[in-house]
Amino acid sequence: MSQVRVNPPSVRSYGNTAQETFGSIRTALEALVSDAVSIDYYGPNAVDFKTKCGQLAADLANALMTDMANISDAVKATTSNIAAALGGPPIDIQFNGSQISPPAVPAGDESVGANLPALESFKGTAKGHFTAISEQFNNHLSALQGTDWVGTAKDNAVGAVTGFTNSAKSKIDETSSEMAGYIDKQIEEINRTNK
């Protein structure tokens, strides 16, 4: 028979860490969405650009909310078995899973202007948000793997969470690449019209 061991305080501590991590991920996603629509760039093309960037960020945020819900469900299911055997409640990761919507981009007046350094800077800002969000998913998985818990239930939990984590990071990479390409294209168009 394989070894089974659970240290309930270790698992509960993981639950608290997971809750904080998911809160941090949501905060970073909200910042990404907000930053995408507040770039110092105005005019009709700017409205289209900001709307598209805001929507890309919001679509990613909402897809990641689903991944976080799946991770939470997988953890709750496996820790329910621990709770039944050892007493105490299962780990139920509470986080705000409501949809994130980009703020409306104001049409502004008819003036047109582009702050190229601001667009370039946003590319770095967005990359920073994407990297931070991806690292938070890695940290969460590490926290689960580091629990003092041995047995098939933990192996199943880690396997499921690894799958959802990889799915989330793949979505982050895709959106990061798409947004960077979109920003580059916008900068090229502005530079072309300035010649």
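When the side chain to side chain contact (heavy atoms under 4.5 Å, CB included) test is applied to N96, the partners found at least two apart in sequence or on another chain are R26, S98. A77 is linked by a side chain to side chain contact (heavy atoms under 4.5 Å, CB included) to nothing, counting only residues two or more places apart in sequence or in another chain. Under the side-chain hydrogen bond (donor to acceptor under 3.5 Å, both in side chains) criterion, D92 pairs with Q94, sequence neighbours left out. Remark: K123 pairs with D184 by the salt bridge (Lys or Arg N to Asp or Glu O under 4.0 Å) rule, at least two apart or across chains. In terms of the side-chain hydrogen bond (donor to acceptor under 3.5 Å, both in side chains) criterion, E188 has no residue partners (sequence neighbours excluded). For A28, the side chain to side chain contact (heavy atoms under 4.5 Å, CB included) test picks out I133, with sequence neighbours left out. E120 is linked by a side chain to side chain contact (heavy atoms under 4.5 Å, CB included) to I187, counting only residues two or more places apart in sequence or in another chain.
The side-chain heavy atoms of F137 and M68, taken from C-beta on, include a pair separated by under 4.5 Å. Considering only heavy atoms from C-beta on, N191 comes within 4.5 Å of L116 through its side chain. No side-chain heavy atom of D59 sits less than 4.5 Å from a side-chain heavy atom of T175. Between I39 and K50 there is a side-chain heavy-atom pair separated by less than 4.5 Å. With a 4.5 Å cut-off on side-chain heavy atoms, F95 and Q19 do not count as touching.
The two residues T78 and A153 have their closest heavy-atom pair at CG2-O, 3.7 Å. The minimum heavy-atom distance linking V33 with S101 is given by the pair CG1-O, 4.1 Å. Of all non-hydrogen atoms in A57 and L32, the two that sit nearest each other are CB-CG, 3.8 Å. The nearest pair of heavy atoms linking G54 to V37 is CA-CG1, 3.9 Å.
Listed for the T21 side chain is no donor-acceptor partner under 3.5 Å among the backbone atoms of Q136. Distance alone, capped at 3.5 Å, places no donor-acceptor pair between the S167 side chain and the G163 backbone. Listed for the S13 side chain is no donor-acceptor partner under 3.5 Å among the backbone atoms of P9.
The line from CG of L64 to CD1 of I172 is 5.0 Å long, rounded to the nearest 0.5 Å. With values rounded to the nearest 0.5 angstrom, C53 atom SG is found 11.0 Å from D48 atom CG.
Pairs engaging residues 94-103 under the salt bridge (charged side-chain N to carboxylate O under 4.0 Å, His left out) rule: none recorded [sequence neighbours left out]. Within the structure, the salt bridge (charged side-chain N to carboxylate O under 4.0 Å, His left out) test picks out the following pairs touching residues 168-183 (sequence neighbours left out): K52-E178, D67-K171. Within the structure, ring pair (Phe, Tyr, Trp, His ring centres under 6.0 Å) contacts touching residues 44-67 (residues at least two apart or in different chains) are Y41-F49, F49-Y182.
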Sequence neighbours left out, cut at 3.5 Å: what donor-acceptor pairs do the side chains of residues 139-151 make with other protein atoms?
{"from": "N139", "atom 1": "ND2", "to": "E135", "atom 2": "O", "distance (Å)": "3.4"}
{"from": "H140", "atom 1": "NE2", "to": "Y14", "atom 2": "OH", "distance (Å)": "2.7"}
{"from": "S142", "atom 1": "OG", "to": "N138", "atom 2": "O", "distance (Å)": "3.2"}
{"from": "T147", "atom 1": "OG1", "to": "L144", "atom 2": "O", "distance (Å)": "2.8"}
{"from": "T147", "atom 1": "OG1", "to": "K154", "atom 2": "NZ", "distance (Å)": "3.3"}
{"from": "D148", "atom 1": "OD1", "to": "R5", "atom 2": "NE", "distance (Å)": "3.0"}
{"from": "D148", "atom 1": "OD1", "to": "R5", "atom 2": "NH2", "distance (Å)": "2.7"}
{"from": "D148", "atom 1": "OD2", "to": "N7", "atom 2": "ND2", "distance (Å)": "3.3"}

Please set out all donor-acceptor pairs under 3.5 angstrom arising from side-chain atoms of residues 124-131, sequence neighbours excluded.
{"from": "T125", "atom 1": "OG1", "to": "S121", "atom 2": "O", "distance (Å)": "3.1"}
{"from": "H129", "atom 1": "NE2", "to": "D35", "atom 2": "OD2", "distance (Å)": "2.7"}
{"from": "T131", "atom 1": "OG1", "to": "K127", "atom 2": "O", "distance (Å)": "2.9"}

